[in-house]
**Q** 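One structure coming up, written as structure tokens, with questions to follow.
Chain letters run A, B, ... following the sequence lines, proteins first and then strands; every chain starts at 1.
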Amino acid sequence: MEEIKKQTIMHIDVNSAYLSWEAVFRLKIGETVDIREIPSVVGGNSATRHGIVLAKSIPAKKYGIITGETIHSALKKCRNLIIAPPNHDLYLSSGRSMMKILEEYSPFVERYSIDEAFLDYTHMDYHFGDPVTAAHKIKDRIKKELGFTVNIGISTNKVLAKMASDFSKPDQVHTLYPGEIKSKMWPLPVGDLFMVGKATATDFQKIGISTIGDLANYDIDVIRSKFRRNGVMVWEFANGIDDCVVSSEDYLKSKGVGNSTTIAFDVTERKIAHKVLLAIAETVCMRLRDQKSAAGVVSVEIKNKDFIKYSHQAKLCSNTDCTNEIFKTAKTLFDEAWKGEPIRHLGIRVSDLCDSNVYQKSLFDEKLHDRNKALDNTIDHLRRRYGTNSIVRACFIKSQIKPLIGRLN
DNA sequence: TCTGGGGTCCTAGGACCC
DNA sequence: TCTGGGGTCCTAGGACCC
């Protein structure tokens, strides 16, 4: 009888990632206080309506501060809270440094998010020892060389490894092998299970499921009829079933690119909204060209002053990566969708991507298309060489709107 | 001096075709 | 003079993740 080869998967998760990385950076530039050791958060600015907590220190957590709450409310819980503004470039490079170390331990490392990765450790025992020993080595190396701590979860598949890394923090290695599911995972609240969010947890409560164990032992046919595919998936997770593989390729090519922003004031004029959309189109299209993709679908998202969200999308006749072309479509979509009420937030997202070298030039407007393309190339080149603000559209001069809105990487 | 921004995937419903 | 029914494509919205 053939022996079934068991996989060994690790999930590596940076503890309070943004805050840890901010702390390491501050120590490096000579600050004496480690913000991890005092009540502190990484968060935006309330004056520009970006005031929410993105990450918190452990001392801040002791005051009851939670991720996602407003800075205003966090300050009410702790008056001398330190607030560090977010620095996305720092987080990107910190995440990359960690990936480099991980890649020394396996050829199969999947970057799952800016601060999380899966590592396939199957057949690697010979090189670095048994999984627990290796995980400690990795964890301690990251701490020593990069200055921040991680949790590592170990199991036979991705979901169990991910659940394991979420056990007690920080700076810990945990296992959650199939034999440990009953004792370590089933007592947890069902909302702690990967892919069970607030809405599903509430629906589960209604039929008497409150722990992961309750879900695992529930009649699968009832789950299937009430919760469809997602229900079946989380039921399998609760029973430790997951056959996804660790894939190192996904992270770079995205299926869509989008940027959005909450504007510092409510927009009531169509012209101002168009200007914001242009500034967003600039970054979305630069990212699109950067990853050598062309978009087939453009979507505009509006959030009004009452936080009501709606969106409108359209398929293009032919794929494009041109700022002017995508902006033109976005403007039309906005005009069709906008109900005229004050706007808090605007976004553009493009999808249905194809390789920009492959796509067919539309036969109409070929000259215009070529001119736009040349313009985009020139602007991208100048911005790469001299900085993103080296060249700016004239309409943004003396405007309250920034000429480029949204992250570029 | 309330409530971010970047993603993926799924589903429901309508249009349209045979 | 009761209401077909697959299949596909498209859009809007919502759930979830970080």
**Q** More 5' along DNA chain B: A:H72 or A:Y18, using each one's nearest nucleotide?
**A**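 Nearest-nucleotide comparison on DNA chain B picks A:H72.
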
**Q** Taking any heavy-atom pair under 4.0 Å as a contact, classify A:S73: base, sugar-phosphate, or nothing.
**A**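 The answer is nothing, as A:S73 stays clear of every strand by at least 4.0 Å.
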
**Q** For A:G256, report the nucleic acid contact type (base, sugar-phosphate, nothing); a contact means any heavy atom under 4.0 Å.
**A**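 Since only primed, P, OP1 and OP2 atoms lie under 4.0 Å of A:G256, the category is sugar-phosphate.
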
**Q** Verify whether one side chain among A:E180 and A:T175 offers a donor that lies under 3.5 Å from an acceptor in the other.
**A** yes

**Q** What residue among A:V109, A:D120, A:L119 forms side chain to side chain contact (heavy atoms under 4.5 Å, CB included) with A:V246?
**A** A:D120

**Q** Answer with base, sugar-phosphate or nothing: what part of the nucleic acid does A:K162 contact at a heavy-atom distance below 4.0 Å?
**A**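 Result for A:K162 = sugar-phosphate.
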
**Q** If the threshold is 4.0 Å, N to carboxylate O, is there a salt bridge linking A:K100 and A:E145?
**A**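 No, A:K100 and A:E145 are not salt-bridged.
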
**Q** With a 6.0 Å cut-off (strictly less than), is the heavy-atom count around CG of A:D219, excluding the residue itself, greater than 12?
**A**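 Yes.
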
**Q** Identify whether any heavy atom of A:E116 sits under 4.0 Å from a base atom; if not, whether one sits that close to sugar-phosphate; answer base, sugar-phosphate or nothing.
**A** sugar-phosphate

**Q** Is it true that A:D290 and A:R384 have a side-chain N and a carboxylate O under 4.0 angstrom from each other?
**A**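 Yes.
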
**Q** When the P atoms of C:dT1 and C:dG5 are compared, how many Å lie between them, rounded to an integer?
**A**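 Straight-line distance between the two P atoms is 16 Å.
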
**Q** Look at all strands and tell whether A:G258 reaches a base, only sugar-phosphate, or nothing, counting heavy atoms closer than 4.0 Å.
**A** sugar-phosphate

**Q** What are the two closest heavy atoms between A:A74 and A:L81, and how far apart are they?
**A** CB-CD2, 3.8 Å

**Q** If you look at every strand shown and take non-hydrogen atoms under 4.0 Å, does A:G406 touch a base, only sugar-phosphate, or nothing?
**A** sugar-phosphate

**Q** Say whether A:S168 and A:H174, considering side chains only, have a donor N or O and an acceptor N or O under 3.5 Å apart.
**A** yes

**Q** Check each residue of residues 202-239 of chain A for a non-hydrogen atom within less than 4.0 Å of any atom in DNA chain B, then write out the ones that pass by number, or none.
**A**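 Contacting residues: A:R228, A:R229.
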
**Q** Classify A:V196 by what it touches in the nucleic acid, base, sugar-phosphate, or nothing, heavy-atom distance under 4.0 Å.
**A**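 The residue A:V196 makes sugar-phosphate contact but no base contact.
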
**Q** Please check if the side chain of A:T332 supplies one atom and the backbone of A:K328 the other of a donor-acceptor pair under 3.5 Å.
**A** yes

**Q** Surrounding NZ of A:K184 (heavy atoms of other residues, nucleotides or ligands, distance under 6.0 Å), is the total greater than 12?
**A** yes

**Q** Describe the nucleic acid contact of A:K309 in one word from base, sugar-phosphate, nothing, applying a heavy-atom distance below 4.0 Å.
**A** nothing

**Q** Below 4.0 Å from chain A heavy atoms, what is the first contacting nucleotide of DNA chain C and what is the last?
**A** C:dC10 to C:dC18

**Q** With a non-hydrogen cut-off below 4.0 angstrom, is A:S299 in contact with a base, only sugar-phosphate, or nothing?
**A** nothing

**Q** Which heavy atom in A:A314 sits nearest to a heavy atom in A:L333, and how many Å separate them?
**A** CB-CD2, 3.7 Å

**Q** Give a yes or no answer on whether the side chain of A:K137 reaches the backbone of A:F128 with a donor-acceptor pair at less than 3.5 Å.
**A**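 The answer is yes, because a donor-acceptor pair under 3.5 Å joins these two groups.
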
**Q** Which range-with-range stems can be found for DNA chain C when each stem has 3 or more Watson-Crick or G-U pairs in a row and both distances sit under 3.5 Å?
**A** B:5-18 with C:5-18

**Q** Taking all non-hydrogen atoms of both residues into account, name the closest pair between A:A161 and A:I9 and its distance.
**A** CB-O, 3.6 Å

**Q** Which residues pass the side-chain contact (heavy atoms from CB on, under 4.5 Å) test with A:E236, not counting sequence neighbours?
**A** A:V232, A:I241

**Q** Could A:K373 and A:D321 be called an ion pair, given the rule that one side-chain N must be under 4.0 Å from one carboxylate O?
**A**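 Salt bridge between A:K373 and A:D321, a charged N being under 4.0 Å from a carboxylate O: yes.
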
**Q** Say whether A:T323 and A:R289, considering side chains only, have a donor N or O and an acceptor N or O under 3.5 Å apart.
**A**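 Yes, because at least one side-chain N or O of A:T323 sits under 3.5 Å from a partner of the opposite role on A:R289.
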
**Q** Taking atom C1' in both C:dG4 and B:dC16, compute the distance separating them and give it to the nearest angstrom.
**A** 16 Å

**Q** What residues from residues 50-59 of chain A pass a heavy-atom cutoff of under 4.0 Å to DNA chain B?
**A** A:H50, A:G51, A:I52, A:L54

**Q** Between A:N15 and A:N151, do the side chains contain an N or O donor and an N or O acceptor separated by less than 3.5 Å?
**A** yes

**Q** Go through A:R49 and A:D266 one step at a time and tell me if the side-chain contact (heavy atoms from CB on, under 4.5 Å) criterion holds.
**A** CA-CA 10 Å; A:R49 312 206 289 188; A:D266 281 343; 2.9 Å; yes

**Q** Can you pull out the residues from residues 336-351 of chain A that lie within a 4.0 Å heavy-atom distance of DNA chain B?
**A** A:R344, A:H345, A:R349

**Q** Using a 4.0 Å heavy-atom cut-off, does A:A17 contact any base of the nucleic acid, only the sugar-phosphate backbone, or nothing at all?
**A**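 Here A:A17 touches no strand at all.
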
